Amino acid sequence: AHHIRHGTVIRVSAYTPFPAAHQPEGHTVQWQVIGNGNHDHLDTITIRWENEGFTVSGVVSSERIEYVLRLSAAWQVRQFILFRDLDEPDLWLATDGSGRWGEMNGAHRTELDGCYDIHLECAPFTHSLPVRRLPLLVGHTAELPVVQVNPDTLEVTAVNHRYTRVSDQGWEHTVDGSDHTAEFTVDQYGLVVDYAGGFRRVS
């Protein structure tokens with residue numbers, strides 16, 4: 001398994017959606033995969049507070065991948081790291097927070113310019129990134145370009161995603177080019193609870 005080294009927590013930020021994230025064990029959330037007969041597979045994330053931001057470590061058993069998201073204190077993506085079967089990352093992307101993306105080797109990914117969020121289809125947590133950032137009222141919709149990652153091919157593309165807030169904790173999600181609209185709910189922290197046809201929160 002891949003581990004991120006955690007420093008000693010010396011203070012609690014005033015901006016703290018997850019109080020447990022400031023503790024060494026972090027805030028852990030787990031979903032069961034309910035699509036394609038994968039009921040025994042789980043997606044598990046742990047959210048920790050370090051270096052004035054949040055580090056999200058995820059394990060997706062159905063895809064046999066691990067990933068790390070480094071977020072600012074305001075939940076803006078800073079880095080995305082994907083592990084498959086090597087000790088070293090298979091993919092490592094970073095953004096400056098203004099919509100410019102690059103690889104950690106310095107290569108600028110111009111085709112991703114304008115994106116602020118990142119999406120893994122096998123990871124329901126990534127829906128929480130735009131949900132927490134978008135100040136939408138019930139009935140309002142936002143369409144935004146999102147960095148979409150294919151964990152099998154490591155293909156990275158900018159794809160338009162559409163999010164509609166249908167109730168206080170209910171959302172609809174559509175991907176550009178798809179006629180399918182999925183509904184999901186979030187908890188008081190903006191974390192996905194259940195994503196229709198895909199994931200069910202189990203802890």
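A quick note: this is a predicted structure, and the numbers were derived from the prediction, not measured. We use all heavy atoms of the structure for the numbers below, so side chains are in, but hydrogens, waters and symmetry mates are not.
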Quick check for you: to the nearest 0.5 Å, what is the distance between T55 atom OG1 and R78 atom CZ?
12.5 Å
Determine whether I65 and V59 fall in the same hydrophobic cluster, where Ile, Leu, Val, Met, Phe, Trp and Tyr are linked whenever their side-chain heavy atoms lie under 4.5 Å apart.
no
With rounding to the nearest 0.5 angstrom, report the OG to CG distance, S128 to D187.
7.5 Å
Is it the case that one hydrophobic cluster holds both F199 and V60, taking links as side-chain heavy atoms less than 4.5 Å apart, direct or via other members?
yes
Can you tell me if R48 uses its side chain to pair, donor with acceptor, with the backbone of P24 under 3.5 Å?
yes
Membership question, hydrophobic clusters at under 4.5 Å side-chain separation (ILVMFWY): are V156 and V159 in the same one?
no
Are Y116 and L112 connected in the hydrophobic side-chain network, where two residues link if heavy atoms are under 4.5 Å apart?
no
Would you check if the distance from the ring center of W92 to the ring center of F80 is below 6.0 Å?
no
Using the rule side-chain contact (heavy atoms from CB on, under 4.5 Å), only one of L154, N150, V149 pairs with D152; which is it?
N150
Modelled atom types, side-chain donor and acceptor of Y195 and H173, under 3.5 Å:
yes
With no hydrogens and no angle check, is any side-chain donor or acceptor of W31 less than 3.5 Å from a backbone partner on V192?
yes
Taking S203 for its side chain and V29 for its backbone only, find out whether a donor-acceptor pair lies under 3.5 Å.
no
Contacts table for residues 135-147: side-chain donor-acceptor under 3.5 angstrom, sequence neighbours left out:
| from | atom 1 | to | atom 2 | distance (Å) |
| --- | --- | --- | --- | --- |
| T141 | OG1 | T164 | OG1 | 2.6 |
| E143 | OE1 | R162 | NE | 3.2 |
| E143 | OE1 | R162 | NH2 | 2.9 |

Do V193 and V131 belong together in a cluster built from hydrophobic side chains that touch within less than 4.5 Å?
no
Tell me whether D194 contacts the main-chain N or O of R201 through its side chain, where contact means a donor paired with an acceptor under 3.5 Å.
yes
Is it true that, when you exclude E103 itself, more than 12 heavy atoms of the residues, nucleotides or ligands shown sit nearer than 6.0 Å to its CD?
yes
Side chain to side chain donor-acceptor pair (under 3.5 Å) against Q30, all qualifying residues, sequence neighbours excluded:
T44
Spell out, as yes or no, whether a donor-acceptor pair under 3.5 Å connects the side chain of R133 to the backbone of Q76.
no
Let me check something: any side-chain donor-acceptor pairs from residues 174-182 under 3.5 Å, sequence neighbours excluded? List them with distances.
| from | atom 1 | to | atom 2 | distance (Å) |
| --- | --- | --- | --- | --- |
| T174 | OG1 | T181 | OG1 | 2.9 |
| S178 | OG | H180 | N | 3.1 |

Can a donor-acceptor pair be found, under 3.5 Å and without considering hydrogens, that links the side chain of Q169 to the backbone of V186?
yes
Test your reading of the model: is there a side-chain donor-acceptor pair from W101 to the backbone of C115, 3.5 Å cut-off?
yes
Looking only at the aromatic ring of each residue, does the gap between the centers of H22 and H27 stay below 6.0 angstrom?
no
